[in-house]
Number of protein chains: 2
Amino acid sequence: MSQAAKTPRASSADAAILQVLRPELRHLTSKQIHTAVRKQLPAISLVTVYRSLERLARAGQVSISDMGTGAVVYARVTESLHHHLICQDCGGIVTIEHAEVGRWFAALSRRHGFKVTTNHLVLFGLCAGCQATHR
Amino acid sequence: MSQAAKTPRASSADAAILQVLRPELRHLTSKQIHTAVRKQLPAISLVTVYRSLERLARAGQVSISDMGTGAVVYARVTESLHHHLICQDCGGIVTIEHAEVGRWFAALSRRHGFKVTTNHLVLFGLCAGCQATHR
DNA sequence: TTTTCACTTGCAAAGATTTGCGTCTGTGCG
DNA sequence: CGCACAGACGCAAATCTTTGCAAGTGAAAA
């Protein structure tokens, strides 16, 4: 009734999805995850994958990002968080460490009392090369 | 050339969309924009609205943001850029000035030679109130 | 052990966004 | 003026993601 603790409730889908995402460094689409998870749970539906991913994201275990590829991609959140800068011209991707972003998030927290939980930031722009080309 | 105001369908949808977005401070969905633009161009299709918005976004005149409401929202980019911090618990929205974000973007530019063009950032997290509730 | 109840899942359907393709239009050029 | 080309549009169809509803399941309560 009044206890604030949630019941994690063993969901086979969640475990299987984390299993699939564990060894992957690259971000996977819902389709790819569904295909991979089927090896463990042949009958699992794509809808369940979506719902499971949303659940895991809410729990901070998975990141959901739109990298501008047409389909959203998901990745397991690890200790070594990273973020991406994507060049809208050449499609090049620059990876930056979390420390650099975390410092700024901390500043936001101090100034606005808002604790950012976004764990994978994607910023679009122009890489050094394309900026040169553009002038 | 001559008049640009009454061409039945040959004129670009871009102008009509900017017209619709101009007075709005709030972000509109593709559906809402489509409905509004129809008053000027009754025959315009939703697909054209999407393509036009993408074009305008590429030109830096419109921002595209996923505020977690189920549908992406679009807004006209003005001189007074702003960004949002959205509480994933209560849905509350904190608006922050661009200056605060721009400083960080400038730092990224110095460090990585990457010029961010994202003009409306949305970060999810917990507001001060909900952080307190969560403890 | 049985009951309870919130959470999970599937299926079908809805909603949102993108893409393929053929047509039409405005622009620059000869 | 007439032509060629690139870009804009509409329509239909494909994708991607979410939602409504009914049924299944597990953990804690009774």
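Residue numbers start from 1 in every chain, and the chains themselves are labelled A, B, ... in the order their sequence lines are given, proteins ahead of strands. Worth saying up front: this structure is predicted, and the values here are computed from it rather than measured.
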Check nucleotides 11-15 of chain C for protein N or O atoms closer than 3.5 Å to its own N or O atoms and list the pairs.
residue : atom : partner : partner atom : Å
C:dC11  : N4   : A:Arg51 : NH2          : 3.3

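- Rounding to whole angstrom units, CG of residue A:Asp66 and C1' of D:dT15 are separated by 14 Å.
- At whole-Å resolution of the value, CD1 in A:Ile33 and C1' in D:dC16 are 13 Å apart.
- In this structure, B:Ile17 CD1 and B:Leu53 CG are separated by 4.5 Å, a value rounded to the nearest 0.5 Å.
- Atom NE2 in A:His34 sits roughly 15 Å away from atom P in D:dT18 (whole-Å rounding).
- The shortest heavy-atom contact between B:Ala13 and B:Ile44 is CB-CD1, 3.3 Å.
- Comparing atom distances between the A:Ser12 side chain and each of D:dT17, C:dT9, D:dC9 picks out C:dT9 as nearest.
- Summarising the hydrophobic clusters (Ile, Leu, Val, Met, Phe, Trp, Tyr; side-chain heavy atoms under 4.5 Å, direct or chained), the residues clustered with B:Val77 are B:Leu81.
- Under 4.0 angstrom from either OP1 or OP2 of D:dT18 there lies no side-chain N or O belonging to A:Tyr50.
- Qualifying side chain to side chain contact (heavy atoms under 4.5 Å, CB included) partners for A:Thr118, counting only residues two or more places apart in sequence or in other chains: A:Val116, A:Leu121, B:Leu123, B:Phe124.
- Whole-Å rounding puts the A:Tyr74 OH to D:dC16 C1' distance at 9 Å.
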Name the atoms and distances for all side-chain donor-acceptor pairs under 3.5 Å in residues 91-98 of chain B, with sequence neighbours left out.
residue : atom : partner : partner atom : Å
B:Thr95 : OG1  : B:His84 : ND1          : 3.3
B:His98 : ND1  : B:His83 : NE2          : 2.8

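- Every residue meeting the side chain to side chain contact (heavy atoms under 4.5 Å, CB included) condition with B:Ser45, not counting sequence neighbours, appears here in chain and number order: B:Val47, B:Thr48.
- One interatomic measurement links the two molecules: CG of A:Leu46 to C1' of C:dT9, which rounds to 13 Å at whole-angstrom precision.
- The listed nucleotides are D:dC9, C:dT17, D:dC16; the one nearest the side chain of B:Arg55 is D:dC9.
- Residue pairs meeting the side-chain hydrogen bond (donor to acceptor under 3.5 Å, both in side chains) criterion with at least one member in residues 61-74 of chain B, sequence neighbours excluded, are B:Ser65-B:His120.
- Sequence neighbours left out, the pairs with a member in residues 54-65 of chain A that pass salt bridge (charged side-chain N to carboxylate O under 4.0 Å, His left out) are A:Asp14-A:Arg55, A:Glu54-A:Arg58.
- Taking B:Ala107 as the reference, B:Arg110, B:Arg111 meet the side chain to side chain contact (heavy atoms under 4.5 Å, CB included) condition, with sequence neighbours excluded.
- Residue-to-nucleotide proximity on DNA chain D shows that, of B:Thr69 and A:Gly70, the 5′-proximal contact is made by A:Gly70.
- Side-chain N/O atoms of B:Ser30 include one lying less than 4.0 angstrom from OP1 or OP2 on C:dT17.
- Nucleotide D:dG7 holds its C1' atom 13 Å from the CD atom of B:Glu54, rounded to whole Å.
- Taking atom CG of residue B:Asp14 and atom P of nucleotide D:dC9, one finds them 6 Å apart after rounding to whole Å.
- Nucleotide D:dG7 holds its P atom 16 Å from the CG atom of B:Leu56, rounded to whole Å.
- Axis angle between the ends of the helix from C:dT1-D:dA30 to C:dG30-D:dC1, five pairs each and rounded to 10 degrees, works out to 30°.
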